[in-house]
Amino acid sequence: MKINAVFFDIDGTFFDHVSGMVLPETLTAVKKLRENGYKVCLCSGRAKEMAEQLGVLQMTAWDGYVGGAGVSVYNERMELISEHAFTREQTARIFELGRQYDICIQSHGTYEFMTKPLNPYARQTFAEFHCEVPEVRDWHEEPLVAISAYEKKGFDWSMFDDIEGIELQHPNDTCVDFMQCGINKATGIRELMDFWGFPHDSYMAFGDSLNDMEMIQEAAYGIVMGNGKDALKPYADLVIGPSNEPGIYHTLKELHMID
């Protein structure tokens with residue numbers, strides 16, 4: 001199948017957290033892909049505002065952005081195409097359980113806040129992903145699209161199982177993201193592919209985390225980084241070197257997608 005678009009996860013894929021940077025070769029590969037006529041986008045668990053905090057959206061021109069692991073989809077001008085906000089009932093229940101079990105809850109995106117000061121588990125995640133620390137306050141009943149929570153490794157999150165239409169994703173060992181059921185990176189990619197008029201699966205995807213699973217599975221060609229989660233690698237068409245090596249550049253060159 002012809003590849004029309006290429007999607008990159010951010011953390012541990014496009015952005016290398018070992019060196020704390022985007023490799024020059026990776027950025028060159030993105031620019032060459034666009035010069036060769038491919039649509040190129042970032043597809044991340046980060047809300048757009050968090051990607052801007054990291055600086056990756058400002059590094060080069062993009063043809064779109066999928067944020068919140070599929071919740072928010074943007075065009076090349078970073079104008080919102082679609083968004084899947086939580087219902088008021090879902091949001092209220094998440095924060096109610098957070099208070100009941102003394103869990104740190106965070107909102108990302110337009111409304112950036114967290115309900116408690118950084119605990120050791122939140123601090124670990126914020127340091128790992130180079131995130132800015134938001135203000136500490138309660139939810140003021142704003143419409144929210146991206147919510148996370150932080151606790152120790154192995155924490156039992158089952159208290160949230162009774163919230164209708166909500167499922168949990170685990171970007172790392174001490175954080176969970178609350179997601180609308182049926183929304184993931186692959187569904188966000190489908191919306192962009194429809195926007196461009198391309199077949200849904202005519203894309204290549206690079207990822208490393210479990211929230212990349214659906215986009216890796218649905219891609220015409222799914223590539224997992226060597227530093228990626230072991231549980232993700234069986235779903236890859238190809239496993240390449242880690243994000244602190246120029247594997248993305250060399251892989252695209254070997255596939256004759258850049259020169």
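Side chains included, hydrogens not; waters and symmetry mates left out as well; all remaining heavy atoms used.
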CG of L54 to CG of L42: how many Å apart, nearest 0.5 Å?
-> 10.0 Å
Hey, could you give me the CG/CE distance between L232 and M225, rounded to the nearest 0.5 Å?
-> 11.5 Å
Is a salt bridge present between E35 and K31, judged by a nitrogen-to-oxygen distance below 4.0 Å?
-> no
Hey, could you give me the CD1/CD distance between I147 and Q90, rounded to the nearest 0.5 Å?
-> 8.5 Å
With respect to T26, which candidate in F14, Y249, F206 satisfies the side-chain contact (heavy atoms from CB on, under 4.5 Å) definition?
-> F14
Within the side chain of T115, is there an N or O that forms a donor-acceptor pair under 3.5 Å with the backbone of I105?
-> yes
Please determine if K48 forms a cation-pi arrangement with Y74, meaning its NZ or CZ atom is less than 6.0 Å from the six-membered ring centre and no more than 45° off the ring axis.
-> yes
Nearest 0.5 Å, what's the OG-CD distance between S72 and E83?
-> 3.5 Å
Validation row: D230, K233 side chains within 4.5 angstrom (heavy atoms) = yes
Would you mind reporting whether F95 and L144 have side-chain heavy atoms less than 4.5 Å apart?
-> yes
Ring centroid separation W139 to F86 under 6.0 Å = no
Should D138 and R99 count as an ion pair when the cut-off is N to O under 4.0 Å?
-> no
Are the side chains of F113 and H140 in touch, meaning some heavy atoms are under 4.5 Å apart?
-> no
Decide if atom NZ of K253 counts as having more than 12 heavy atoms of other residues, nucleotides or ligands within a radius under 6.0 Å.
-> no
Heavy-atom distance under 4.5 Å between the side chains of E164 and T87, does that happen here?
-> no
Can you measure from OH (Y65) to SG (C41) and round to the nearest 0.5 angstrom?
-> 11.0 Å
Give a yes-or-no answer on whether the side chains of N244 and H17 include a donor-acceptor pair shorter than 3.5 Å.
-> no
Validation row: R46, F129 side chains within 4.5 angstrom (heavy atoms) | yes
Cluster overlap I248 with M257, hydrophobic side-chain contacts below 4.5 Å | yes
V18 and F15: same hydrophobic cluster, using ILVMFWY side-chain contacts below 4.5 Å?
-> no
Thinking salt bridges, do R93 and D162 make one under a 4.0 Å N-O criterion?
-> yes
What heavy-atom pair brings N4 and P199 nearest, and what distance separates the two atoms?
-> ND2-CD, 4.0 Å
Euclidean distance, D201 CG relative to R190 CZ, rounded to 0.5 Å = 10.0 Å
E112 versus Q53: any side-chain heavy-atom pair under 4.5 Å?
-> yes
Flag yes if more than 12 heavy atoms outside F160 fall under 6.0 Å of its CZ atom; otherwise flag no.
-> yes
Main-chain N/O of G12 paired with N227 side-chain donor or acceptor, under 3.5 Å = yes
Sub-4.5 Å side-chain heavy-atom contact between W62 and V30 = yes
For residues Y150 and F126, establish whether the separation of their ring centroids is below 6.0 Å.
-> yes
Are any side-chain N or O atoms of D237 and backbone N or O atoms of G222, one a donor and one an acceptor, separated by less than 3.5 Å?
-> yes
Is any side-chain heavy atom of L252 closer than 4.5 Å to a side-chain heavy atom of K32?
-> no
